[in-house]
Structures are given as structure tokens and as C-alpha cells.
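First the structure, in the form of C-alpha cells, and then the observations on it.
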Amino acid sequence: MANNPAASPRVRFAPSPTGYLHIGGVRTALFNWLWARKMGGSFVLRIEDTDQERSTPESVKVILDSLRWLGLDWDEGPEVGGAHGPYFQMQRLSLYEKYAQELIDKGKAYRCYCTKEELAAARESLRKDNPKAQFRYPGTCRHRKDRPDAPYVVRFNMEAVQREAVTYRDLVFGEITTPNREQQDFVLLRSDGVPLYNFGVVIDDLTMGIDLVMRGRDHMVNTPPQILLYEALGVKPPTFAHLPMMLSPKGEKLSKRHGAVSVSEYEKMGYTPGAVLNYLARFGWSCGDQEIFSLEELVDKFSFESLNRSDGRFDAKKFADVAFEHLKEPRLTSDADYSRHLHPFMAARGLGSVDEAMLRKAIGTVRARGRTLADAAERIEFYFRPVVFDDKAKEKFLTPDVVEPLQAMIACLSSLDSFDEGEIEQAIQQLLASRGWEMKEIAQPARVSLTGQKVSPGVFEMLAVLGREESIRRLRQGVQIARGTAS
RNA sequence: GGCCCCAUCGUCUAGUGGUUAGGACAUCGGCCUCUCACGCCGGUAACCGGGGUUCAAGUCCCCGUGGGGUCGCCA
């Protein structure tokens with residue numbers, strides 16, 4: 001691309017606090033964050049709370065918490081402050097007022113006294129006369145010289161724009177040209193002085209020194225009027241980069257109808273932040289054939305050249321696989337991180353405090369099995385509580401004929417010097433060889449004794465995690481059941 | 001409908017004029033094996049259509065077609 005981004009960019013993520021943090025929004029935030037981190041720039045968080053109908057403080061908290069959980073830290077914004085604050089638009093109203101006045105003074109904007117009702121009526125009558133026509137504000141108040149004592153909005157004056165079209169170079173899509181006849185005298189300030197999206201964004205990006213605006217392609221249509229606004233103010237517009245959209249599996253706009261779309265839902269399902277970010281990063285961006293990335297790798301490898309232009313469809317199965325890959329690989333989720341992320345899921349099962357050293361060893365035995373943290377917690381809990389027997393498992397595998405092998409196993413384990421997995425396996429294999437038994441004969445009885453279930457990690461690795469004392473205790477219990485002397 | 005954008009397996013994508021069109025997920029076989037997994041091996045599967053340009057086009061151009069975005073005192 002001819003337009004090179006600045007060396008030390010100032011980028012921003014500007015969500016509106018009207019609900020949860022949408023994964024599409026996370027992807028936008030991620031790409032901005034990656035670029036800032038890679039280039040040593042600044043990632044600014046700004047809250048666009050000008051929709052007073054829908055904005056709530058709870059949503060602000062949810063969004064901030066989600067970003068923190070993901071690890072997308074912001075250099076300036078709510079709670080951390082910064083030199084360009086405040087970072088809530090509703091606290092910047094005087095700024096918008098000031099710039100609006102400047103535009104009015106220059107003849108680039110004007111007060112419009114038309115009421116919503118009048119506009120709605122005009123829209124309606126046009127629709128009746130010519131259903132195909134598109135309503136545009138006719139500029140009724142453009143040249144009014146009087147200043148009635150009535151509510152007004154401030155509108156941009158397209159008449160003051162000389163050029164026929166706006167052309168800009170998008171970092172992803174290349175040169176984009178939009179004819180100005182598509183624009184109209186759009187509203188800058190509402191009658192209550194609160195700015196509309198396009199005006200608020202421009203004034204904030206300008207005053208916050210944002211030099212690269214990276215956002216979803218659904219905003220591409222906002223770029224020309226925003227550029228017109230920068231020009232009317234006599235300043236150079238930032239560079240723009242639009243991202244292809246993430247659509248639903250059916251190709252529609254992604255919404256809650258299509259499953260989980262809020263980050264917190266993935267947190268609850270037991271996906272790690274790294275996995276969420278990984279999946280989202282590979283959506284519209286690629287790096288050769290590599291699929292799995294750590295956050296550090298993403299920072300290192302992100303570039304605009306490898307951003308895609310076409311929209312894609314969200315694929316929950318692929319996402320689930322990425323989540324699993326991250327849990328399997330200690331490089332991506334260390335034992336410490338695994339343990340930390342697993343904690344809430346253990347707590348939910350009443351295991352809020354377990355021995356950390358044992359937990360970490362246990363994690364090693366479920367990494368290749370637990371597809372989510374929730375799943376892992378379920379698979380791991382037997383280590384930390386008395387055995388709960390599955391009736392069918394007990395009936396099928398703890399029968400009188402397994403008493404002897406189980407007892408031999410107990411004796412064998414009792415005689416070991418150390419109790420690590422390798423040594424256990426070696427000793428048991430020797431036992432099997434000497435008696436002419438096969439592993440498959442004793443594996444299920446041992447497994448059911450140790451876990452109560454038919455499905456579990458490998459017998460040797462479980463013994464090593466449980467330790468000699470607990471292992472023998474559970475095996476003895478198995479023997480008792482097999483003998484029929486216990487139920 | 002106007003304007004803007006996009007177009008490689010079902011999905012995410014590699015590919016920057018010359019490839020048996022590669023990888024991943026999903027799917028289907030098989031192997032490994034103490035259960036379940038992991039892992040490994042292999043199969044099915046794609047350049048939207050039509051015109052150009054070129055010795056040569058998935059790659060460049062044009063036109064269709066299809067899909068998406070957007071047309072508020074929402075963001």
C-alpha cells in the first residue's frame with residue numbers, strides 16, 4: 001500500500017456500551033491492539049456513550065472486564081486516564097459544541113430548525129410519490145438568517161463542499177472513491193447538544209491524535225462524510241483501514257441468533273483468552289499455513305499486507321478446535337495459566353481450594369482430553385474427591401475374578417521405592433509379565449477403582465498423580481467391592 | 001433501488017502469470033492402544049460464468065451473476 005502507517009501509531013477502540021462485548025468488536029480491538037503493540041504505538045480506549053437510550057454503566061463495566069480478561073490492555077482510557085481525556089464522549093460535550101460553532105462560523109455547518117415530525121412527514125410523502133427515491137434532507141434551513149427561539153440541530157453544509165467526490169486510500173481495500181451526491185446535510189449535533197456518531201468520532205479522533213482508524217467494513221460508508229468533516233475543519237484526516245466482516249454461518253450479520261457472540265460466553269464455556277484471540281486473528285488475516293499462534297507471535301507477525309478483503313463466516317467448530325489446541329499445548333497455556341483459568345470451573349464444582357502441586361500434575365493428564373476448561377474440570381475432579389462409582393462400571397469391572405490382580409497390583413505398588421509414572425509402569429509391566437497377565441485385563445478394574453468411571457486418563461499417570469497412599473487406598477476399596485464385601 | 005465492497009474445497013485460508021492448486025477445521029477410512037482421548041497415515045472436496053490481454057491466467061482487464069455492507073436527531 002502506498003500509504004504507510006505511522007511509525008508510532010495512535011489507534012483506538014471505541015465501543016458503545018449498549019450490552020456485552022461482541023466478538024466482532026473484539027476482533028477490531030485486537031487488530032488495533034496488535035498494531036499498537038507491534039509498532040510501539042498507543043492503544044486508546046474510548047467509550048461512545050452518546051446513545052443515552054441504550055448506554056448503561058453496567059455495559060461499560062462488562063466491556064472493560066472483557067477486555068481485561070482478554071489481556072487487551074489500553075494505554076489511555078477509562079480507569080487509566082491519559083493526556084487526551086476524558087474518554088467518555090458524554091464528558092466531552094463542550095468540545096463538540098466548540099467545533100460545531102467553528103464550522104457554523106466558517107459556513108460549513110448551520111442550524112436546522114426542522115422538527116423530527118416535519119422530516120418524517122417529508123420522508124413519508126417522498127416515499128408515496130416515488131418509492132424508489134432516497135430521501136435526503138433538502139437543505140431547507142441552509143440559508144436561514146433568523147435565529148428562532150426553537151430547538152435546532154446542527155447540520156453539515158454539503159453546499160460548501162467544492163469537490164465532486166471523496167477519494168481515500170484504505171490500507172486494506174486500496175483506493176475508494178465515493179461521489180458526494182451520495183451525501184446529504186447530515187446532522188452533527190442533536191438538539192440536546194449531544195453529537196451524532198460521525199461528528200463525535202471525528203472530533204474525538206482529531207483531538208485524541210488518532211492517526212490510524214481501523215474498524216469494521218460496515219463503517220466504510222461513514223468514511224467519506226468523516227473525511228469531509230476533517231477537511232471542513234482544515235485538518236488532515238487519519239489513515240483508514242477497514243476490516244472484512246465476520247458473518248454468521250449462514251452469511252448474515254452475526255448476532256445472538258447464531259449462538260454465542262459475546263466474549264463472556266466463551267469465557268464461561270471455558271475457552272482461554274489466547275484461544276479466543278487466536279481464532280479471531282486468523283479471521284481475515286493469515287500468516288502462510290500457520291493456524292495456531294501465541295499472543296506474542298501475533299504481535300510479531302501481524303501486518304496489513306496479510307489482511308484479507310473478503311468477508312467470512314464464523315465457524316464454531318474451528319473455534320472449538322483452536323480452543324482445544326491452546327489447552328493441549330503448554331507453550332500456549334502454561335501449567336500455571338491452565339491452573340489459574342481452571343480455578344473458576346473447579347470452584348463451580350465445589351473444589352475451590354485444592355492442592356496446587358497436585359492440580360498441576362493432574363492437568364498434565366487431561367491436557368489431551370479436555371476440550372474446554374469446563375470439560376477439563378469435569379475430567380479432573382475425581383482426583384480431589386472420594387470416588388463416585390458409576391453403577392455400570394462397577395458391575396462390569398469390579399467382579400470377584402479381579403480381586404487377585406488388584407491385590408497383586410497393590411503389593412507391587414507398596415514395594416516401590418519412588419512413585420513416578422515411569423517407575424510405576426515398569427513395575428506393573430514386570431508384574432504382568434511374571435503372571436502372564438495382559439494390561440487390558442487389569443486396566444479397567446484398576447481404572448474403575450481409581451476413578452469410579454470407565455473413562456479416564458491412563459492408569460499409570462493417574463497413579464503417579466494420586467500418590468502411593470491414595471492410590472492404594474482406592475485400589476483396596478476396589479478389592480472390597482469386587483469381593484462383594486462393600487457396596 | 002442508489003452508493004460502496006467482495007468472490008479458491010462445506011468453513012477459515014495459502015497462492016502475487018508457468019503449482020500434481022497447498023494447509024487447517026469439519027467429514028470418511030485405517031493405524032496406535034489399558035478406557036477415552038492425543039498422535040500418525042490416507043480418502044472425498046475448490047479456482048462463480050462469459051469475454052478479452054498473454055506463448056501461458058486461480059493470479060491482469062471488462063461485463064455478467066452471486067453475496068455482503070449502508071442509506072436515522074443509532075453506533
Side-chain angles (χ1 to χ4, degrees), chain A residues 14-16 18 48-51 53-55 89 112 114-116 119-120 123 130-137 151-155 170 172-174 176-179 181-184 186-192 194-198 200-201 216-224 242 244-247 249 251-253 279 282-292 305-306 308-322 324-325 328 365-371 379 393 397 428 432 438-448 451 453-460:
Chain A
S16 60
T18 54
E48 307 210 329
D49 53 356
T50 54
D51 183 344
E53 302 279 304
R54 299 194 301 147
S55 295
Q89 289 191 317
C112 168
C114 299
T115 64
K116 277 184 191 173
L119 259 21
R123 228 182 286 269
N130 184 357
K132 287 181 179 173
Q134 177 179 161
F135 179 80
R136 288 197 180 78
Y137 179 70
Y152 60 85
V153 300
V154 177
R155 283 184 186 272
D170 190 287
V172 175
F173 290 92
I176 306 289
T177 298
T178 307
R181 69 184 136 76
E182 289 302 311
Q183 310 302 340
Q184 61 176 323
F186 56 95
V187 176
L188 269 28
L189 285 184
R190 295 179 174 88
S191 41
D192 60 3
V194 177
L196 251 65
Y197 176 71
N198 276 331
V201 163
R217 188 174 64 78
D218 48 337
H219 283 291
M220 199 141 59
V221 77
N222 289 318
T223 306
H242 291 94
M245 303 201 37
M246 186 159 67
L247 305 169
E252 306 160 310
K253 202 160 182 173
Y279 177 71
R282 273 291 283 99
F283 206 101
W285 175 83
S286 61
C287 184
D289 282 342
Q290 189 172 351
E291 299 283 348
I292 303 300
E305 287 71 45
S306 39
N308 229 116
R309 282 175 303 280
S310 48
D311 297 338
R313 300 179 185 211
F314 178 81
D315 183 353
K317 289 227 175 92
K318 177 97 176 190
F319 196 177
D321 180 69
V322 172
F324 185 32
E325 295 297 331
K328 265 192 307 206
T365 71
V366 298
R367 270 191 188 272
R369 290 170 237 262
R371 306 192 78 89
R379 289 169 185 276
F397 295 109
I428 299 283
L432 294 177
E438 287 196 61
M439 184 63 193
K440 68 174 90 167
E441 295 174 63
I442 69 159
Q444 286 304 75
R447 184 184 323 284
V448 176
T451 71
Q453 307 294 314
K454 284 184 285 193
V455 171
S456 81
V459 169
F460 305 127

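The chains referred to below are lettered A, B, ... by the order of the sequence lines, with proteins before strands, and numbering in each begins at 1.
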**Asked** At under 4.0 Å between heavy atoms, what does R313(A) touch on the DNA or RNA strands: base, sugar-phosphate, or nothing?
**Response** sugar-phosphate

**Request:** Going 5' to 3' through nucleotides 69-75 of chain B, assign each nucleotide B (protein heavy atom under 4.0 Å from a base atom), S (under 4.0 Å only from sugar-phosphate atoms) or - (no protein heavy atom that close).
**Result:** SSBSBBB

**Message:** Taking the P atom in each of A21(B) and C47(B), what is the distance between them to the nearest angstrom?
**Reply:** 12 Å

**Request:** Determine which nucleotide pairs with G17(B), using a 3.5 Å limit on both distances of a Watson-Crick or G-U wobble pair.
**Result:** none

**Message:** Could you tell me how far C61(B) sits from U54(B) if I compare only their P atoms? Round to whole Å.
**Reply:** 16 Å

**Asked** Separation of W285(A) atom CH2 from U13(B) atom C1', in whole Å?
**Response** 12 Å

**Asked** Can you find a side chain N or O atom of K454(A) that sits less than 4.0 Å from OP1 or OP2 on C34(B)?
**Response** no

**Request:** May I ask which nucleotide in the shown strands pairs with C60(B), Watson-Crick or G-U wobble, both distances under 3.5 Å?
**Result:** G52(B)

**Asked** On a whole-Å scale, what distance lies between the C1' atoms belonging to U27(B) and U70(B)?
**Response** 37 Å

**Message:** Taking pairing as Watson-Crick or G-U wobble with both contacts under 3.5 Å, can you name the mate of G42(B), or confirm there isn't one?
**Reply:** C28(B)

**Assigned partner base of G2(B), Watson-Crick or wobble definition, under 3.5 Å** = U70(B)

**Request:** Report yes if the side chains of F186(A) and L196(A) come closer than 4.5 Å at any heavy-atom pair, otherwise no.
**Result:** no

**Message:** Generate the contact string for nucleotides 59-64 of chain B. Rules: B means base contact, S means sugar-phosphate contact only, - means no protein heavy atom under 4.0 Å.
**Reply:** ------

**Message:** Between R136(A) and E182(A) (salt bridge meaning N to carboxylate O under 4.0 Å), is one present in this structure?
**Reply:** yes

**Prompt:** Reading nucleotides 15-27 of chain B from the 5' end, what letters show protein touch, with B for base, S for backbone sugar-phosphate only, - for no heavy atom under 4.0 Å?
**Reply:** -------BBBSS-

**Message:** What's the gap between C6(B) and G64(B) when it is taken at their C1' atoms, as a whole Å value?
**Reply:** 16 Å

**Asked** So which nucleotide does U65(B) pair with, by the Watson-Crick or G-U wobble rule with both distances under 3.5 Å?
**Response** A7(B)

**Carboxylate-amine/guanidinium contact K318(A) D321(A), below 4.0 Å** = no

**Request:** For nucleotides U11(B) and G67(B), find the distance between their C1' atoms and express it as a whole number of Å.
**Result:** 15 Å

